[in-house]
Amino acid sequence: MLEQAVRGVAGDRAAQVRAGEDDVAVLVLEVGGLDRQARDALEQAVREAALEAGAREVRVAMTAEKRARVIIAVGSGKGGVGKSTLAANLAVAMARLGRKVGLVDADIYGPSQPRLMATEGRRPEAEGQKLIPVPSPFGVPMLSMGHLIKAGQAVAWRGPMLGKALEQLIDAHWGDAELLVVDLPPGTGDVQLTMLSKYKPVGAVIVSTPQDLALMDAARAIGLFEQGQVPIIGIVENMAGYICPHCGEASDPFGMGGAETTAMAMGLPFLGRVPFDLAIRRESDAGHPPAAGDGAPAEAFISIARAVLAWLDTPR
Ligand code: ADP
């Protein structure tokens, strides 16, 4: 109620709305670009709205900077290469590294993030015209088409409807999230185009298995981003090197190093390699992103997250 009332007058300038103890409302407003008079008027309006909504006392902080929420797209040329797994674990790893991250599952045809992030069956609430992201147990709020449709229900929308759906997911009340990791559907269709034209990502992470065919597909996905003038942050090689759970011996069911070679040949950064590990599959299916735990898979995801953050933090 408090949030609704405050957002009713402050809209997206309400960066944080919190009901503290003893009915104290704590509000953070983004006032970048407003002059003194407009700022005072906004403060006055939110104070009144909060008091009317039942707050006993209202504390208002202002930040000058309009928060620029940055979108990182995770894409692949084809399905089944571990794109969703990487997107989920990248978001969790970045949150572990202290960033405020949200996760958007734009894989509208096969939304798998609710299962990966243990939020299956949850329904996001709406406030005003916008959705409120579903909190996950890993410090990453998220929204997925899977939260909006019934389990097993097929989605057969096209063009404009898809664009609308994507809009709902991205244009939500993301609060203080500074980064949005967006899990794109595989390939180069409508959703990807809407995404590139409407919500331009700051960069894209491309996931590929080491197989040649997957790499050729990856090259197509890279082409799409480059056409849309979205820089490629780098390539991640997934399912590289199989560690036998019985004898510990490493083998390479899909070969290894193919993505790194491709990255080098294309002059793109190589962000790291995630081993083929049955524990990754098992934990992911059970709603425990490996990046939230310990061990080699967590380290692999955290190292990739560091590489992505280093890219983001480098002035361009
Ligand atoms: P995509 O989003 O590209 O379709 P997913 O992330 O859904 O792919 O992964 C496909 C399947 O492969 C899932 O069952 C997932 O748990 C599994 N998987 C992904 N990465 C790995 C890995 N490194 N080791 C073992 N299994 C993996």
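Ligands are counted one by one from 1 in listed order, and the atoms in each one are counted from 1 as well. Just the heavy atoms: all of them, side chains too, but no hydrogens, waters or symmetry mates, feed the values below.
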Next on the checklist: So if I count the atoms of ligand 1 from 1 in the order they appear, which ones are less than 4.0 Å from some heavy atom of V274?
Outcome noted: 23 (N)

Checklist entry - Are F138 and L309 joined in one hydrophobic group, where the rule is that I, L, V, M, F, W and Y side chains link up if heavy atoms are under 4.5 Å apart? => result yes

Checklist entry - Is the shortest distance from atom 25 (C) of ligand 1 to a protein heavy atom below 4.0 Å? => result yes

Checklist entry - How far is atom 13 (C) of ligand 1 from its nearest protein heavy atom, and which residue and atom is that? => result T85 OG1, 4.7 Å

Next on the checklist: Looking at E57 and R59, is there a salt bridge between them, counting it only when a charged N and a carboxylate O are closer than 4.0 Å?
Outcome noted: yes

Next on the checklist: At under 4.0 Å between heavy atoms, is it the side chain or the backbone of P186 that contacts ligand 1, or both, or neither?
Outcome noted: neither

Item to check | Within one Ile-Leu-Val-Met-Phe-Trp-Tyr cluster: V9 and L27, side-chain cutoff 4.5 Å | outcome: yes

Next on the checklist: Could you tell me, atom by atom, which parts of ligand 1 come under 4.0 Å of a heavy atom of P275?
Outcome noted: 22 (C), 23 (N), 24 (N)

Checklist entry - Which of the numbered atoms in ligand 1 are below 4.0 angstrom from a heavy atom of G80? => result 1 (P), 3 (O), 4 (O), 8 (O)

Item to check | Qualifying residue, where the test is side-chain contact (heavy atoms from CB on, under 4.5 Å) with I233 and the options are I206, L268, V308 | outcome: V308

Checklist entry - Looking just at side-chain N and O atoms, do S112 and S84 make a donor-acceptor pair shorter than 3.5 Å? => result yes

Next on the checklist: Counting C-beta onward and ignoring hydrogens, is there a side-chain heavy-atom pair between N238 and S208 closer than 4.5 Å?
Outcome noted: no

Item to check | 4.0 Å heavy-atom contact, P297 with ligand 1 | outcome: no

Item to check | ligand 1 N/O within reach of S76 N/O, cut-off under 3.5 Å | outcome: no

Next on the checklist: Does R56 have more than 12 heavy atoms from other residues, nucleotides or ligands lying within 6.0 Å of its CZ?
Outcome noted: yes

Checklist entry - Any N or O of D277 that comes nearer than 3.5 Å to an N or O of ligand 1? => result yes

Next on the checklist: Any nitrogen or oxygen of K83 lying under 3.5 Å from a nitrogen or oxygen in ligand 1? Just yes or no.
Outcome noted: yes

Checklist entry - Quick one: which of L184, D105, V81, N238 has a heavy atom closest to atom 20 (N) of ligand 1? => result N238

Next on the checklist: Quick check: is W311 connected to M264 through a chain of hydrophobic side chains (ILVMFWY, heavy atoms under 4.5 Å apart)?
Outcome noted: no

Next on the checklist: Between the side chains of D313 and R99, is the shortest nitrogen-to-carboxylate-oxygen separation below 4.0 Å, so that they form an ion pair?
Outcome noted: yes

Next on the checklist: Considering both backbone and side-chain atoms of S84, is one of its nitrogen or oxygen atoms within less than 3.5 Å of a nitrogen or oxygen in ligand 1?
Outcome noted: yes

Item to check | Proximity winner for atom 12 (O) of ligand 1, if only heavy atoms of R115, R281, K78, M239 are counted | outcome: M239

Next on the checklist: Side chain or backbone, does G82 bring an N or O within less than 3.5 Å of an N or O on ligand 1?
Outcome noted: yes

